[in-house]
Amino acid sequence: MISRNKWIILILLGLLIVGSLTACTSEYATNPTTQEQAAEPAPTAVPASPKTIVVEMNRNAGNLAVNEKLTITRGLDEVSQECIECHKAETPGIVNDWRESRHGHVSVSCLDCHAVEKNDPTATQHEDLEGTDTYISVLVPPSRCANCHPNEAEEFDSSGHYRAALQVEAKDGMQTLMLVHEGQNHPEFSNVTQETGCMQCHGMRIELDDQNGPTPSTWPNAGIGTIYPDGSVGNCSVCHTRHKFDIAEARKPAACASCHLGPDHPDIEIFENSKHGQIYATEGESWTWDSAPDAWEPGDYRAPTCATCHMAGIGELSTTHNVSDRLYWNLWGKRSAMRDSNDPMSALTGHGEEGRAKMEMVCESCHTPRHTEAFFRQGDGAVQLYNESYYDPAKKMLDELKEKSLLKENPWADEFQILYYHLWHHEGRRARQGAMMGGPDWAHWHGFFELQQDLYRMQDIYNYRMETGQIEEP
Amino acid sequence: MNVKKIPKWLLILLIVIVGFIALFVLPFFSWLIADEGLNRTAHADFCAQCHSMEPFWAAYQQDIHGGSSKYGFQASCTNCHLDNSSSVAYFTTKATKGLHDLLVENFGDPDNIDWEAMRESREEYTYDSGCLSCHNNLLSATQSNSKAFLPHKEYFSGETDKKCVSCHEHVGHKNMSDYIKNPNAAY
């Protein structure tokens with residue numbers, strides 16, 4: 001009896017061992033399949049071992065959720081840890097950016113920027129926060145960035161960038177152009193030219209819906225002058241895109257180029273046309289982009305980018321987020337004048353002579369004083385030629401035609417007024433900005449050559465209207 | 001005249017006693033009374049007796065600085081709202097702010113003050129010296145906290161004009177806007 005029981009036990013034990021071995025083997029057999037499926041979005045990943053896959057996946061902003069838990073306890077509050085745990089699956093791009101950011105390194109996390117007080121007009125709670133004391137907003141105004149970066153925000157508030165959305169909002173002519181002409185007074189879609197165009201660079205006054213979230217007609221927008229519900233103005237993530245907020249990114253010309261391009265202010269094209277741009281295009285990839293603020297100097301680069309001249313703490317200068325600080329002229333207005341105003345809402349914000357002195361210090365970090373002085377002599381000449389030989393005569397003709405009621409009511413259907421607009425807003429800016437930033441093709445072919453063509457055509461139209469008293473030519 | 005001359009020893013004793021009272025006893029009691037007076041008029045239970053202070057009292061009760069924490073530590077109104085940089089500064093601000101509040105509460109129109117808008121000028125009626133008299137080791141405390149290091153470094157090195165409440169804009173009174181709208185809001 002006893003020996004029979006012993007045999008039964010032995011057989012059962014044997015079955016158990018064989019069973020577990022089979023289970024283990026099948027787990028091993030299925031595991032690589034799971035990993036391969038997981039690795040699909042990252043075709044470059046070579047699934048040599050599970051560890052390798054994890055690394056490759058992360059680099060490709062894949063779904064972090066398929067990997068092991070992303071548990072971060074270092075310096076993070078519990079709620080932020082929970083944010084990350086879910087958002088690594090829901091919005092892996094955001095979590096990946098943050099992981100690689102300097103914010104991530106110093107434990108600045110979700111709630112440090114997104115938490116708001118319960119009764120803040122932008123306060124929201126998604127499901128997982130309901131019943132808790134934590135309120136968040138998708139909107140992070142520059143006033144919140146200023147809590148840790150006060151000087152950067154203050155400098156920005158004195159710069160021309162501050163005005164970007166406020167001036168569009170204030171100008172009736174701009175509103176008419178966007179809604180009536182470009183939007184064709186469409187009952188439903190007249191605002192889309194503003195939504196998809198203007199506000200994506202200039203910014204917009206953010207409006208809130210009844211759930212405290214931003215309305216789709218005002219957000220998302222990547223405008224530098226965004227006006228937030230708390231009244232603060234600006235949008236740091238335009239140049240330091242979220243959620244990496246990278247200093248290196250903002251130092252590259254691409255950060256500026258998403259707005260400073262095209263027929264009316266082809267600044268990136270001018271840069272590419274310049275010798276600075278040539279050197280950048282040749283070897284910029286190998287330069288040092290992440291030196292500490294105020295310590296990014298020649299040697300880290302062989303030629304400047306937009307940020308080097310207009311913002312960087314090169315030589316004795318200090319870093320500034322006031323992009324108007326080193327300018328002499330206003331080069332985008334109808335007629336160029338020396339900057340002389342403390343008001344960021346003024347077209348002449350800045351101080352011309354001080355600005356020029358600072359810019360000369362920038363140039364002389366690499367060039368001789370003789371070179372610098374001669375360069376500005378050439379550029380200043382171009383600006384004054386535009387003022388005196390193109391803008392002034394054009395304005396004089398416009399005023400005379402206006403006085404004699406020889407302008408069409410709709411300026412966008414009147415050839416003379418269209419030419420006038422192109423003369424200052426397109427060709428005139430290209431000539432002035434091309435000259436002042438070393439882009440000869442823009443100064444000349446897209447600039448002064450076009451300017452003289454505009455002027456001669458305007459003179460023809462002017463003469464016809466003055467002689468005949470008629471607007472339309474036969 | 002038959003006035004008995006006071007003995008010299010008695011005169012000296014009297015002078016000593018009167019001098020002692022004048023120099024030590026009276027100042028001691030007047031200090032005691034003044035300190036007691038200042039202390040009794042420093043806390044929320046005194047300040048909230050004025051009708052217009054009710055929303056701020058209610059919001060303060062909900063806040064960590066009002067004692068709503070596991071440690072139960074409570075800052076007084078005057079810890080934040082008077083200049084704590086010296087006794088003279090404390091007394092001066094106490095007198096001027098106190099007199100101002102007394103006049104407005106009794107002869108002004110406190111119900112029609114836009115308190116919400118007044119929050120924008122919070123830097124004018126809170127004092128960093130108050131914050132720093134309790135958080136007196138803040139500089140070294142924040143040096144070991146990478147997240148707090150950068151903003152406080154700029155503050156302590158004088159690179160920014162910001163004050164404590166510029167960034168910590170809701171400190172001291174939790175959900176204050178709710179209470180301003182409805183002082184009886186219960187939570």
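What you see is a predicted model; the values in this text were computed from it and never measured. A, B, ... follow the sequence lines: proteins, then strands. Residue 1 opens every chain.
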What distance do [X] atom [atom1] and [Y] atom [atom2] have between them, rounded to the nearest 0.5 Å?
{"X": "A/Asn119", "Y": "B/Met176", "atom1": "CG", "atom2": "CE", "answer": "9.0 Å"}
{"X": "A/Glu117", "Y": "B/Glu169", "atom1": "CD", "atom2": "CD", "answer": "8.0 Å"}
{"X": "A/Lys118", "Y": "B/Gln62", "atom1": "NZ", "atom2": "CD", "answer": "10.0 Å"}
{"X": "B/Lys153", "Y": "A/Cys148", "atom1": "NZ", "atom2": "SG", "answer": "12.0 Å"}
{"X": "B/Lys147", "Y": "A/Leu76", "atom1": "NZ", "atom2": "CG", "answer": "6.5 Å"}

> By a 4.5 Å heavy-atom criterion (distance strictly below it), what part of A/Asp120 contacts chain B: side chain, backbone, both, or neither?
Replying inline: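 Neither the backbone nor the side chain of A/Asp120 comes within 4.5 Å of chain B.
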> Where does A/Asp133 contact chain B at under 4.5 Å (heavy atoms): side chain, backbone, both or neither?
Replying inline: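 For A/Asp133, the contact with chain B is made by the side chain alone.
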Count the heavy atoms belonging to other residues, nucleotides or ligands that lie under 6.0 Å from [atom1] of [X], then report whether that count exceeds 12.
{"X": "B/Tyr125", "atom1": "OH", "result": "yes"}
{"X": "B/Arg122", "atom1": "CZ", "result": "yes"}
{"X": "B/Ile64", "atom1": "CD1", "result": "no"}
{"X": "B/Phe29", "atom1": "CZ", "result": "no"}
{"X": "B/Asp161", "atom1": "CG", "result": "no"}

> B/Thr160 and A/Asn151: side chain to side chain contact (heavy atoms under 4.5 Å, CB included), yes or no, with the steps?
Replying inline: CA-CA 7 Å; B/Thr160 174; A/Asn151 294 326; 4.1 Å; yes
